[in-house]
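Since we're looking at a predicted model, the values are computed, not measured. Values below: all heavy atoms of this structure, side chains included; hydrogens, waters and symmetry mates excluded.
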Amino acid sequence: MNTQPVILDTDPGVDDALAIMLALGSPELDVIGICTVSGNVPLSTGTRNAQGLLQLLERTDIPVFAGADLPLKRNPVFATEVHGESGMGQAVLPEPSQKIKGDAVDFLVQTLSNQPGEITIIAVGPLTNLALAEQRQPGTLQKAKQVIVMGGAIAETGNSTPVAEFNFYADPHAAHTVIHSGATLLIVPLDATRQVVLSETDIENKIAPLKTVASQFVVDAVQNVFALYRQLGREPIVYLHDPLAVGAAIAPELLCSETLYIDIETSGDLTIGQVVTDRRGLPSPRCLGKPVNCAMHVNAEAFLSLFLKRVLTPAS
Ligand code: BDR
Ligand code: CA
């Protein structure tokens, strides 16, 4: 099997951790580096989470690069009410033995320059590192084989505001830079990721009984999200937002995408971070924004079964 070299750019984060686990459990992928960015939690916390998770999974061979600790222009926003203060819910990760390998933006620029057309980037946090790489050396993102981005809400409501999804809301200017970079992009928005859900019953019946290091981590990590749903008077669930972006690299046939003309709102008290989609059906030169491949549907059952298999019985 040909393995696809990938860089994960992430703000760990509970579902980020699940995405890292899925990537590491998938023989189709060779994770050549994990880049961290400020997002769900501050950069130092997220970087420590990435390192601690690799320690837990005994994968300290994978280098971790620390990236941007602030969005390009706006003040940082975090999502600790969802992911917990530590970002890992109630899971406690081991103290990392591994050192940070270097700067994420340097790593992105150098790796994409050295291996043009070969690397897939899977970005599951705010897009600050990718935008900084593009600003540092214009054309950098076009050198990726593909840039898969978890972000945005197209026809769905947002999750940070009524119209904005967290990753694009946290750094809308970075999302704007990436959308306009000319890279081969696949956006995996809330429209698709809200179709892939783990329920409390899944956790209790399919994951908890396994009693492995990985399964116990998942059980502990999702508890904060579940508590939040209970407080809101809703059924406890966890969306597999970030794992689905990894799924798009390992099993693209499970996603159904369409090319949409989109742009990102970078100002506006009520609309910052919103994806604006031009559905007017005008001739393409008159359309707003850029034509971008957006995953709108997923075979949720097949993805969930792949996810559970790969995360709970990783490839050796
Ligand atoms: C995205 O926001 C973050 O909280 C999650 O990790 C995911 O990347 C979903 O909107
Ligand atoms: Ca994330």
Side-chain angles (χ1 to χ4, degrees), residues 1-11 16 19-20 22-24 26 28-37 39 50 62-68 72 101-152 167-168 171 173-189 192 241-253 255 257-260 262-264 275 289-295:
M1 178 190 295
N2 284 339
T3 58
Q4 171 63 49
V6 299
I7 297 173
L8 290 178
D9 191 271
T10 168
D11 59 335
D16 299 76
I20 293 171
L22 177 58
L24 297 182
S26 293
E28 298 87 351
L29 304 185
D30 173 19
V31 180
I32 62 169
I34 294 181
C35 297
T36 57
V37 65
I62 299 190
V64 175
F65 300 86
L72 292 186
K101 184 82 177 186
D103 175 76
V105 178
D106 291 346
F107 175 65
L108 285 167
V109 171
Q110 280 162 15
T111 311
L112 291 171
S113 294
N114 292 344
Q115 294 167 261
E118 290 178 21
I119 310 291
T120 295
I121 300 175
I122 305 176
V124 295
L127 295 172
T128 322
N129 290 340
L130 274 61
L132 287 171
E134 185 63 24
Q135 286 176 2
R136 169 104 45 95
Q137 197 170 295
T140 291
L141 296 177
Q142 285 187 22
K143 293 181 193 145
K145 181 175 181 195
Q146 189 182 22
V147 180
I148 302 174
V149 169
M150 190 281 127
N167 291 335
F168 285 10
D171 197 341
H173 301 91
H176 186 272
T177 299
V178 171
I179 297 290
H180 287 264
S181 67
T184 303
L185 274 177
L186 173 67
I187 303 284
V188 183
H241 299 296
D242 293 348
L244 188 59
V246 174
I250 60 183
E253 69 282 0
L255 289 97
S257 60
E258 31 182 312
T259 303
L260 297 170
I262 62 169
D263 213 332
I264 311 296
V275 176
K290 291 281 174 193
V292 176
N293 226 10
C294 299

Practice task
For residues Lys143 and Ser113, report the shortest heavy-atom separation together with the two atoms involved.
Solution key: NZ-OG, 3.5 Å
Exercise for the section: Compare all side-chain heavy atoms of Val275 with those of Pro189 and state whether any distance is below 4.5 angstrom. Expected result: no
Exercise for the section: Search all heavy atoms of Val147 against all heavy atoms of Ala183 and return the closest pair with its distance. Expected result: CG2-CB, 4.0 Å
Problem - Side chain Asp11, main chain Pro126, donor-acceptor under 3.5 Å - result: no
Exercise for the section: Kindly determine whether Ile20 and Ile62 satisfy side-chain contact (heavy atoms from CB on, under 4.5 Å), including the steps that lead there. Expected result: CA-CA 11 Å; Ile20 293 171; Ile62 299 190; over 6 Å; no
Exercise for the section: Report yes or no: does Asn129 contribute a side-chain atom to a donor-acceptor pair with the main-chain N or O of Ala68 at less than 3.5 Å? Expected result: yes
Exercise for the section: Determine whether Leu29 and Leu22 make a side-chain contact, defined as any pair of heavy atoms from C-beta on separated by less than 4.5 Å. Expected result: no
Problem - Nearest-0.5 Å distance, CG of residue Asp16 to CG of residue Leu8 - result: 9.5 Å
Fill in the blank from the handout: Closest non-hydrogen atoms of Ala23 and Val31, given as atom of the first, atom of the second and distance, are CB-CG2, 3.9 Å
Completion exercise
In this structure, CG of Asp171 is separated from OG1 of Thr177 (nearest 0.5 Å) by 8.0 Å
Exercise for the section: Please examine the side chains of Ile179 and Leu185, heavy atoms only from C-beta on, and report whether any two atoms are closer than 4.5 Å. Expected result: yes
Handout entry: Closest contact, heavy atoms only, Ala192 versus Ala295
Key = CB-O, 3.5 Å
Problem - Pairwise side-chain contact, Leu108 with Arg136, heavy-atom cut-off 4.5 Å (strictly under) - result: no
Exercise for the section: Hey, could you give me the CD1/CD distance between Ile32 and Glu118, rounded to the nearest 0.5 Å? Expected result: 9.0 Å
Handout entry: Atom pair CD1/CG of Ile148 and Asp9 - distance to nearest 0.5 Å
Key = 13.0 Å
Problem - Within-4.5 Å side-chain heavy-atom neighbours: Val178 and Ile264 - result: no
Handout entry: Any His180 side-chain heavy atom under 4.5 Å of Asp263 side chain
Key = yes
Problem - Close side-chain approach of Phe107 and Ile7, heavy atoms under 4.5 Å - result: yes
Practice task
Could you check Gln135 against Leu72 for side-chain contact (heavy atoms from CB on, under 4.5 Å), going step by step and ending with a plain yes or no?
Solution key: CA-CA 11 Å; Gln135 286 176 2; Leu72 292 186; 3.7 Å; yes
Fill in the blank from the handout: CD1 of Ile262 to CZ of Phe168, rounded to nearest 0.5 Å, is 6.0 Å
Completion exercise
Output for pair (Leu244 CG, Leu255 CG), nearest 0.5 Å, gives 5.0 Å
Problem - Exercise: identify the closest heavy-atom pair between Leu186 and Ser257 - result: CD1-CB, 4.1 Å
Practice task
Go through the steps to decide whether Leu141 and Ile121 satisfy the test side-chain contact (heavy atoms from CB on, under 4.5 Å), and finish with yes or no.
Solution key: CA-CA 9 Å; Leu141 296 177; Ile121 300 175; 4.2 Å; yes
Fill in the blank from the handout: Residues Glu134 and Gly139: closest non-hydrogen pair is OE2-N, 2.9 Å
Practice task
Answer yes or no: is there a side-chain heavy-atom contact under 4.5 Å between Gln146 and Gln4?
Solution key: no
